[in-house]
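All remarks here apply to the structure that follows.
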Amino acid sequence: EFNGLRVAMLRTDVSATQFKIAVRDLVSNVENAYWDLYYAYRDLEAKKAARDNALKSWQVIKTLSNAKKEGGEADKEGQAREQYFRFESDVQDAMYGRKTDATRTRNGSTGGTFRPTPGVRIAERRLRRIMGIDVNGNELLMTNDEPLIVSYSFDWDNLVADAESNRGELKIRSKRIEELNLQLLAAKNSALPQFDVVGRYRFRGFGKDLAGSSPTFPIGAWNDLVDGDHQEWQAGFEFNMPFGFRQAYSAIQNINQKLTREKQILHEQRRQIVNDLSDAVQDLKRSFTVYELQYNRLQGALDQLKAVEKTNALKKAPINLVLEAQRRVLDAQTQLFRSKIEYVLALRNVHLEKGTLLENKQIVFSDSTDPNGMIMNPVSETISKSNSMTESFVMPLASERTSSNKKNSQPLSSATVSNSSLASQRRQIGGSQNSNRTKLPAQIPGFGMARPSPTTETDRTAQMIGGDTYR
């Protein structure tokens with residue numbers, strides 16, 4: 001193996017790029033944990049609302065049963081009671097959760113594919129661990145930002161160009177190929193005959209002592225050297241040519257094999273990155289479409305629940321239709337929250353695959369270089385980050401339907417943000433796209449939940465799940 005200044009510089013560049021990749025993965029996992037916690041809170045609140053609605057239905061039927069009136073039959077009471085305890089069990093799971101594989105990098109995609117795992121407590125501890133703070137704090141962490149739902153349109157050629165120029169994995173492989181080329185050049189030089197012109201000129205000084213005199217040497221070695229009586233010179237030629245150059249040719253062959261391997265790996269890495277980028281863009285389109293469908297599905301489920309509750313109150317619909325409508329609304333809510341997180345992570349994955357995730361999150365690496373590109377201070381990396389991952393885009397779910405919201409219950413439609421040149425225009429989650437945002441109603445009325453208040457969460461649910469409150 002041949003070493004040298006330029007090889008050492010390339011290895012330093014590789015180490016710096018590996019560090020940036022590690023930071024990128026850390027940022028991605030922090031965002032994964034954040035949105036896992038967001039989903040856990042929304043899942044908990046949706047199940048609490050479903051449980052409370054089931055409790056009201058059970059109490060109504062129980063009252064009719066105690067009064068021996070129509071509608072209070074034992075089968076109906078048992079069905080309503082079963083649904084209440086079923087939802088109560090779901091609330092317990094949504095609060096504490098079970099240890100499962102959460103959203104993380106390389107679990108299906110480079111940045112991470114969303115895996116909805118209920119459990120506020122377990123998701124909160126995971127976020128604390130990734131943040132490097134105490135995993136068992138005195139207060140529960142709560143998410144502050146809401147997913148920003150904006151449709152993006154990317155130019156494919158610019159995406160591929162960004163990915164090939166920005167991805168750290170390709171930079172590392174290119175640096176290793178460049179290092180092997182330098183080693184190959186050195187190995188080829190060692191396979192040539194060596195012919196040198198040599199010369200020597202020197203002063204000598206003799207004496208028993210460095211300074212002073214003795215009977216054998218009247219003057220010291222230093223004084224004899226200064227007198228210049230003992231000078232000598234030499235000139236000549238040296239020629240060196242090993243028989244067969246077996247060591248040199250073996251090194252050349254070995255480096256050529258490594259170089260061929262690295263080039264093939266680079267080619268496959270490029271194909272894999274383009275494939276992953278294509279998957280990310282496709283998943284972004286899919287998740288936005290699914291979000292629109294889930295939103296409209298929730299509107300239909302809310303309308304159905306309101307209708308069957310009204311007809312049940314008039315004794316024209318059995319209670320099982322009301323209970324089934326409650327389950328449909330709960331499932332529609334959780335699927336809506338899931339589709340929102342999938343869209344946010346899909347957009348994050350597009351930025352990761354094209355190598356602009358850290359730039360998108362406003363994380364900057366600063367290093368000092370000279371005009372020739374040599375890293376003068378590679379250790380002094382400065383990382384600066386903005387205070388928020390995304391801008392807030394709140395779409396709370398209210399607990400009551402009002403007449404003023406009827407005009408907002410129309411099917412959701414797309415709003416497209418065109419991006420013809422990603423090389424010059426960078427879009428980030430939460431960018432200044434206010435005029436192009438998808439127009440959503442301020443709240444989804446009906447059966448649902450409102451964002452929990454950090455200071456007023458003292459309802460009966462907190463007592464039933466062990467006195468846990470949000471702070």
Side-chain angles (χ1 to χ4, degrees), residues 35-61 76 78-98 100 114-120 123 143 146-147 290-312 317-342 395-401 405 409 412 440-441 443-452 457 459-462 464-465 470:
W35 293 118
D36 279 352
L37 182 59
Y38 172 91
Y39 175 81
Y41 270 115
R42 298 304 177 269
D43 181 69
L44 172 63
E45 292 303 319
K47 290 177 178 177
K48 284 169 56 180
R51 181 210 55 200
D52 293 342
N53 277 270
L55 177 62
K56 292 178 182 178
S57 298
W58 179 29
Q59 289 174 339
V60 171
I61 298 174
K76 297 179 181 179
Q79 189 176 12
R81 174 159 39 93
E82 181 275 335
Q83 176 139 307
Y84 165 73
F85 284 110
R86 170 187 175 180
F87 287 158
E88 178 61 29
S89 175
D90 291 342
V91 169
Q92 294 291 321
D93 289 338
M95 183 63 195
Y96 297 102
R98 296 186 300 273
T100 58
F114 180 56
R115 295 186 177 177
T117 53
V120 170
T143 56
E146 291 283 336
V290 170
Y291 171 75
E292 292 181 330
L293 296 175
Q294 293 295 342
Y295 179 86
N296 295 327
R297 173 193 176 188
L298 178 58
Q299 292 294 326
L302 291 171
D303 293 338
Q304 181 194 20
L305 178 62
K306 181 179 179 181
V308 297
E309 284 180 338
K310 182 181 296 185
T311 54
N312 179 259
I319 189 62
N320 63 308
L321 293 182
V322 177
L323 300 179
E324 175 64 23
Q326 292 175 355
R327 289 193 292 268
R328 288 178 179 272
V329 170
L330 173 61
D331 184 64
Q333 283 184 324
T334 56
Q335 291 300 319
L336 177 65
F337 298 141
R338 174 173 180 169
S339 62
K340 290 171 68 176
I341 305 304
E342 285 180 345
M395 191 184 68
L397 300 181
S399 58
E400 295 182 357
R401 180 188 292 269
N405 296 120
S409 60
L412 189 64
L440 299 178
Q443 59 186 14
I444 298 180
F447 181 91
M449 96 286 181
R451 187 183 180 91
E457 183 61 35
D459 60 359
R460 186 187 60 80
T461 304
M464 294 188 65
I465 60 178
Y470 303 127

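Evaluation of the side chain to side chain donor-acceptor pair (under 3.5 Å) rule for Thr334 yields no partner, not counting sequence neighbours. Scanning for salt bridge (charged side-chain N to carboxylate O under 4.0 Å, His left out) contacts around Arg327 gives Glu324, with sequence neighbours left out. In this view, Gln304 satisfies the side chain to side chain donor-acceptor pair (under 3.5 Å) rule with no residue, not counting sequence neighbours. Evaluation of the side chain to side chain donor-acceptor pair (under 3.5 Å) rule for Arg338 yields Glu342 as partners, not counting sequence neighbours. Listed by chain and residue number, nothing satisfies the side chain to side chain donor-acceptor pair (under 3.5 Å) test with Asp93 (two or more places apart in sequence, or in another chain). Not counting sequence neighbours, the partners of Gln79 by the side chain to side chain contact (heavy atoms under 4.5 Å, CB included) test are Ile319, Asn320, Leu323.
Note: Phe87 and Trp58 fail the aromatic proximity criterion, with ring centroids not under 6.0 Å apart.
Using a 4.5 Å heavy-atom threshold, the side chains of Phe337 and Asp43 count as separate. Residues Glu45 and Gln333 fail the side-chain proximity criterion, which asks for heavy atoms closer than 4.5 Å.
Remark: Lys48 does not engage Glu88 in a salt bridge, criterion side-chain N to carboxylate O under 4.0 Å. Here Asp52 does not pair with Lys56 in a salt bridge; the nearest charged N to carboxylate O distance is not below 4.0 Å.
Pro118 and Ala94 make their closest contact through CB-CA, 4.2 Å (heavy atoms, listed as atom of the first residue, atom of the second, distance). Heavy atoms only, all atoms of each residue included: Val308 and Leu321 are closest at CG2-O, 4.1 Å. Annotation for Ala80 and Ile61: closest pair CB-CD1, 3.7 Å, computed over non-hydrogen atoms. When all heavy atoms of Gln326 and Ala54 are compared, the pair lying nearest together is OE1-CA, 3.7 Å.
Taking CZ of Phe114 as the reference point, atom CD1 of Ile341 lies at 5.5 Å (rounded to 0.5 Å). Atom CG of Asp36 sits about 13.5 Å away from atom OH of Tyr41, to the nearest 0.5 Å. To the nearest 0.5 angstrom, Asn312 atom CG is 10.5 Å from Leu305 atom CG.
Formation of a donor-acceptor pair under 3.5 Å by the Asn53 side chain with backbone atoms of Ala49 is found in this model. Remark: side-chain polar atoms of Asp90 are not paired, donor with acceptor, to backbone N or O of Lys47 under 3.5 angstrom. Side-chain N or O atoms of Thr311 include one that pairs as donor or acceptor with a backbone N or O of Ala307 at under 3.5 Å.
Between Tyr38 and Trp35, the two ring planes are perpendicular [angle over 60°; tilted spans 30° to 60°].
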Evaluation steps, side-chain contact (heavy atoms from CB on, under 4.5 Å), between Val329 and Leu298: CA-CA 6 Å; Val329 170; Leu298 178 58; 4.3 Å; yes
side-chain contact (heavy atoms from CB on, under 4.5 Å) assessment of Thr143 paired with Arg42: CA-CA 10 Å; Thr143 56; Arg42 298 304 177 269; 4.3 Å; yes
